[in-house]
There are 2 protein chains.
Amino acid sequence: MPDFLDLHGSTNKVVRALAEAGMRRHGLHLGQNLLLAELWRQDGRTPGEIAAAVNVTTPTVVKMATRMTAAGLLTRRRDERDNRLVRLWLTDAGRALQGPVEAERRSLEQQLTADLSGAEREQLMQALAKVHRTATDLLGGPVEPTGH
Amino acid sequence: MPDFLDLHGSTNKVVRALAEAGMRRHGLHLGQNLLLAELWRQDGRTPGEIAAAVNVTTPTVVKMATRMTAAGLLTRRRDERDNRLVRLWLTDAGRALQGPVEAERRSLEQQLTADLSGAEREQLMQALAKVHRTATDLLGGPVEPTGH
DNA sequence: CTGAAATCGATAGTCGGCTAATGACTTGTC
DNA sequence: GACAAGTCATTAGCCGACTATCGATTTCAG
């Protein structure tokens, strides 16, 4: 009888493995699709912007971008006006993945929740959202007792 | 409007961070408590046994055991009868953590699900179990088309 | 206009996870 | 009994994520 922590963790693990397998079919690693998704939404963003958008630290994006640049999905270019900034631009290869990867993602989503009724799915999402919020509050709260 | 994949992933992330913080209060990293839990249940098990029990690969356990040995929580000793085997033994420090860590874990569990009614919690667990099962089937199925 | 402060990317190092390849030791078979 | 096959742990190397630090650049105050 696993408790919630174990169940959620192990579920995440297997879901993650499934997503990883799906992305690998397109030559991607898990996580890289999130970075790409941000560039599909708007090309030429900075590592910091992307990091904030996908809720990850900047070094994570930098490392990922380095690998993806080597893989020919991205190019790095410094901003003309502000030389501290680096902007990431999609290559044709990176752009070409949008359709297939988004389809793959939808397929995964659908397969995963295939065994759930509409109501079950809805309740699951709401409960997860509640837990998410609770955990976020617990994390942020104790960190800054004095607030500002 | 995040889909299930995003919601589950981000929930996992924040839950994980919370658990990490809780474990760090006892000088542990997340994951190490699982290894310890196996030894608390029965001391002197092998890396392979533990890996199977916590659903992780053997190298993961080996690395973790190396760090935990350096941290003074474990000792490594080769099996007398079968010299291929290595057995992990708790030190006093490792044994002493059982009470506090288990309490911390229960506390986390309770805090996380505090906003859920009993019914909600039950439904959440069942839905997660369904997804877990579905994902596991999807992972294992396509791998071995011919079965044996 | 100059120097301090803020911003931003890159690097180093840690942890958990994985796969693939090594190496040591048992076991099983002929 | 010897040699092949199987079983284990270990190592190496990759990926995602984090913190801490460094370096370069811009901005802002004086």
Side-chain angles (χ1 to χ4, degrees), chain A residues 9-21 23-24 27-36 44-71 73-88 139 143, chain B residues 9-10 12-21 23-24 27-36 44-52 54-71 73-88 139 143:
Chain A
S10 64
T11 301
N12 181 263
K13 182 171 174 175
V14 62
V15 165
R16 203 182 161 83
L18 200 63
E20 170 81 34
M23 288 305 131
R24 186 155 35 217
L28 291 180
H29 289 276
L30 192 51
Q32 303 188 339
N33 61 324
L34 298 178
L35 198 163
L36 284 180
R45 320 205 22 210
T46 69
E49 286 171 357
I50 295 173
V54 295
N55 254 297
V56 150
T57 60
T58 303
T60 297
V61 172
V62 169
K63 259 201 246 179
M64 213 181 289
T66 299
R67 295 187 201 113
M68 292 171 77
T69 298
L73 300 169
L74 259 50
T75 58
R76 265 189 169 99
R77 212 180 313 148
R78 294 211 91 94
D79 187 294
E80 299 276 310
R81 311 154 57 163
D82 189 336
N83 226 311
R84 292 171 301 184
L85 299 181
V86 162
R87 299 200 171 272
L88 304 179
L139 261 185
V143 167
Chain B
S10 62
N12 182 264
K13 182 172 175 173
V14 62
V15 165
R16 205 182 158 81
L18 200 63
E20 170 81 34
M23 286 306 131
R24 186 154 36 217
L28 290 181
H29 289 277
L30 191 54
Q32 303 188 340
N33 60 325
L34 297 178
L35 198 164
L36 284 180
R45 325 219 358 224
T46 69
E49 285 170 357
I50 294 172
V54 293
N55 253 296
V56 150
T57 60
T58 304
T60 296
V61 171
V62 169
K63 258 201 248 180
M64 212 179 292
T66 299
R67 297 187 200 113
M68 292 171 77
T69 298
L73 299 169
L74 258 51
T75 59
R76 265 189 169 100
R77 213 180 312 148
R78 293 212 93 95
D79 188 294
E80 300 276 311
R81 311 155 57 162
D82 188 337
N83 226 313
R84 294 170 300 184
L85 299 180
V86 162
R87 300 202 169 270
L88 304 178
L139 260 185
V143 166

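Within every chain, numbering begins at 1; the chains are lettered A, B, ... in the order of the sequence lines, protein sequences first and strands thereafter.
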Less than 4.0 Å between a side-chain N and a carboxylate O, is that true for A:Asp82 and A:Arg84? yes
In this structure, how many angstroms lie between the P atom of C:dA10 and the CG atom of A:Asn83, rounded? 12 Å
Does this structure show an ion pair linking A:Arg24 with A:Glu20, if we count only N-O contacts that are shorter than 4.0 Å? yes
Quick one: do B:Arg87 and B:Glu80 satisfy side-chain contact (heavy atoms from CB on, under 4.5 Å)? Show the steps, please. CA-CA 10 Å; B:Arg87 300 202 169 270; B:Glu80 300 276 311; over 6 Å; no
Please find the pair of heavy atoms, one from A:Val14 and one from B:Leu139, that lie closest to each other, and give the distance. CG2-CD1, 3.5 Å
Does a side-chain N or O of A:Arg76 approach OP1 or OP2 of C:dA10 to a distance below 4.0 Å, or not? yes
Looking at C:dG9, I'd like to know if its phosphate oxygens (OP1 or OP2) sit under 4.0 Å from a side-chain N or O belonging to A:Thr46. yes
Heavy atoms only, 4.0 Å cut-off, all strands: where does A:Gly31 land among base, sugar-phosphate and nothing? nothing
B:Glu80 vs A:Leu85, nearer the 5' end of DNA chain C by closest nucleotide: A:Leu85
Figure out the NE2/P separation between B:His29 and D:dA17, and round it to whole Å. 19 Å
Round to a whole Å and report the spacing from CZ of B:Arg81 to C1' of D:dT7. 16 Å
Starting from C1' on D:dA17, measure out to CD on B:Glu20 and report it in whole angstrom. 11 Å
Among residues 10-19 of chain A, which contact DNA chain C at a heavy-atom distance under 4.0 Å? A:Lys13
Just compare C:dA24, D:dT26, D:dC15 and give me whichever is closest to any side-chain atom of B:Arg84. C:dA24
Is A:Arg67 near enough to D:dG16 that one of its side-chain N or O atoms lies under 4.0 angstrom from OP1 or OP2? yes
Nearest whole Å is fine: how far is C:dA10 P from A:Met68 CE? 14 Å
How close or far is atom P of D:dG16 from atom CG of A:Asn33, stated in whole angstroms? 10 Å
In residues 55-63 of chain B, which ones come under 4.0 Å of DNA chain D, going by heavy atoms? B:Thr58, B:Pro59, B:Val62, B:Lys63
Looking only at side-chain atoms of A:Pro47, point me to the closest of C:dT26, C:dG9, D:dA9. C:dG9
Please assess A:Leu74 against A:Leu35 for the test side-chain contact (heavy atoms from CB on, under 4.5 Å), listing each intermediate value before the final yes or no. CA-CA 10 Å; A:Leu74 259 50; A:Leu35 198 163; 4.1 Å; yes
Might you point out which heavy atoms bring A:Thr69 and A:Arg76 nearest each other, and give the distance in Å? OG1-NH1, 4.1 Å
Distance, rounded to the nearest Å, where B:Asp79 contributes CG and C:dC25 contributes P: 13 Å
A:Val86 to A:Pro47 - nearest heavy-atom pair and separation: O-CD, 3.1 Å
Identify all side-chain donor-acceptor contacts of residues 55-62 of chain B below 3.5 Å with residues at least two apart in sequence or on another chain.
{"unit_1": "B:Thr57", "atom_1": "OG1", "unit_2": "B:Thr60", "atom_2": "OG1", "d": "3.1"}

Is the distance from OP1 or OP2 of C:dG16 to the nearest side-chain N or O of B:Gln32 less than 4.0 Å? yes
Might you point out which heavy atoms bring B:Asn12 and A:Gly9 nearest each other, and give the distance in Å? ND2-CA, 4.1 Å
Give the rounded distance in Å between these two atoms: CG of B:Leu73 and C1' of C:dC15. 15 Å
Minimum heavy-atom distance between A:Arg45 and A:Ala53, given as atom pair plus value: NH2-CB, 4.4 Å
